[in-house]
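Quick note on labels: first sequence line is chain A, next is B, and so on, each numbered from 1. Note that these values count all heavy atoms, side chains included, but never hydrogens, waters or copies made by symmetry.
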Number of protein chains: 2
Amino acid sequence: MYFCLNYYYRMTHSEENYLKAIFHLNKGGAKAVSTNALAGQMKTKPSSVTDMIRRLAEKGVVHYKKYQGVSLTEKGSRLALSVIRKHRLWEVFLVEKLSFSWDEVHEVAEQLEHIKSEQLIDRLDKLLGFPKFDPHGDPIPAKDGSLPSGDKQLLSNMPLHSRGICVGVKDSSSAFLKFLDKNRIALGYRIELMEKEEFDSSVRVLVEGEPIHLSHQIASNLYVKKI
Amino acid sequence: MYFCLNYYYRMTHSEENYLKAIFHLNKGGAKAVSTNALAGQMKTKPSSVTDMIRRLAEKGVVHYKKYQGVSLTEKGSRLALSVIRKHRLWEVFLVEKLSFSWDEVHEVAEQLEHIKSEQLIDRLDKLLGFPKFDPHGDPIPAKDGSLPSGDKQLLSNMPLHSRGICVGVKDSSSAFLKFLDKNRIALGYRIELMEKEEFDSSVRVLVEGEPIHLSHQIASNLYVKKI
DNA sequence: ATATAAATTTAGACAAATCTAAAAATATGT
DNA sequence: ACATATTTTTAGATTTGTCTAAATTTATAT
Ligand SMILES: [Mn+2]
Ligand SMILES: [Mn+2]
Ligand SMILES: [Mn+2]
Ligand SMILES: [Mn+2]
């Protein structure tokens, strides 16, 4: 078991959830994650976060100085990516093999991501045909931690009259996903930006040729890849 | 969530493992399970078992009187069967869909059995074609807790010259399962009892027509269904 | 029946993960 | 610069699940 990452850095479910949260909060921004932000994300109290951060620092998976926030070490980053990889692969499994809809998978994947077995996840990956993106368009980290880039952008940031393919969602709440289902918008669909309304930043688009009017809130949560 | 069994009796992983252990130790014998027996099965100390038993009694899932051992209540029995159902369905999944061999599945199923989602397990059941037995020949409880009976018996108990189908193993240790693989004995194979050796209770059999000599230890861990 | 052995429970301790309430450090506004 | 607000940490408690060591109960054997 010499080669197995998880052998030396065996984390509890809770620790893994914290690593994931730190990863997501730190993505983009270069500065450390604040205790309060982490407490918000984890739906727990700042004092609990402080306790946990100290344990994680002990284990060498985060950088931490009192009052200065927290960030992942190399190890921590690798572990976080490994959990995210499992989460997203299980989401694909639930949708592709068990006919879950994309708004139902998160809670179950949240549990499944903690199952410890390299062999299991490798074979699941194979069963699913080595997918690169999860049902919400989020990239699935490879075994080595590398992320496929999709060079996508938010629909709200697209230039007028440009065309693209719908490739992901920023918000993956059940409410938003159900809205998209109801309005026949799905990943892979062609989308063309016809008109932008100055006043409320809403947009008129063609989705697979069908015209539809979308609020700024919708347009700023939908990722599009230009073509 | 009114109808959901697990909503009212939400157990921790450890509690579920204890319920399963009590179920297995009590199967057959009508008398209560002793603290020491349970400690042996759970690989923990008798004092820890006493603590846990008291929590389980609090929750109404076991009958318990000091010094008198423990047994499952109706609720406890339903919960244990639900965990066993999940364990065995996941084992089938690992073998059928992910090409695990039957000696590799136990450890992973031991984790997967604790995933909480009725929908998940129902759909997994469907994906697998509603199997009745797991890779070791053990019956998979139905949703209502009923167990398909296989009216099987140990090879060592079969009368001379009788024939049957190999349907299960009593010992499902990796060592035993690998021995069977190596000697080309698998579930579903025809087996005929040719000769019993008085001295050491070993047997000579035909497995799919091929003669082989098996020790008593082997014969008393292999289940056969008469034909 | 009584001594001894075995099984079981109690007492007291610990680590993990959380909480509330209070204290300390940092940031902000005039 | 200084008062106030916000953020973060500490102190102390709780729950779960485990442990060791000691006490107690039940079983067994002469
Ligand atoms: Mn999780
Ligand atoms: Mn996702
Ligand atoms: Mn288990
Ligand atoms: Mn099995």
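- Distance CG (B:N17) to C1' (D:dT18): 14 Å, rounded to an integer number of Å.
- Heavy atoms of other residues, nucleotides or ligands lying less than 6.0 angstrom from NZ of B:K196 number more than 12.
- Side-chain rings of A:Y223 and A:F133 stay apart, their centers remaining 6.0 Å or farther from each other.
- Counted by atom type alone, A:S101 and A:D103 present one or more donor-acceptor pairs between their side chains at under 3.5 Å.
- If you check the side chains of B:S173 and B:D171, you find a donor sitting under 3.5 Å from an acceptor.
- Note: CZ (A:R10) to C1' (C:dA16) measures 16 Å, nearest angstrom.
- At least one donor-acceptor pair closer than 3.5 Å links the side chain of A:R88 to the backbone N or O of A:P139.
- Straight-line distance from the CZ atom of B:R54 to the P atom of D:dT18: 15 Å, rounded to whole Å.
- Evaluated for a ring-ring contact (aromatic ring centres under 6.0 Å, His included) with A:H87, the options A:H114, A:H106, A:H24, A:H136 yield exactly one hit, A:H106.
- No more than 12 heavy atoms of other residues, nucleotides or ligands lie within 6.0 Å of CD in A:Q217, so this atom counts as exposed by the packing criterion.
- Look at A:D122 and A:R85 and you find a salt bridge, because one of the NZ, NE, NH1 or NH2 atoms lies within 4.0 Å of a carboxylate O, short of that distance.
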Kindly give the atom pairs (protein nitrogen or oxygen, nucleotide nitrogen or oxygen) under 3.5 Å for nucleotides 17-19 of chain C.
residue, atom, partner, partner atom, Å
C:dA17, OP1, A:T12, OG1, 2.4
C:dA17, OP2, A:R55, NE, 3.1
C:dT18, OP2, A:S14, OG, 3.3
C:dT18, O4, A:D51, OD2, 3.3
C:dC19, OP2, A:T44, OG1, 2.5
C:dC19, OP2, A:K45, N, 3.2
C:dC19, OP2, A:S48, OG, 2.7

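- For B:L56 and D:dG17, the CG to P distance is 9 Å, given to the nearest whole Å.
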Where do N or O atoms of nucleotides 3-8 of chain C meet protein N or O atoms at under 3.5 Å, pair by pair?
residue, atom, partner, partner atom, Å
C:dT8, OP2, B:N36, N, 2.8

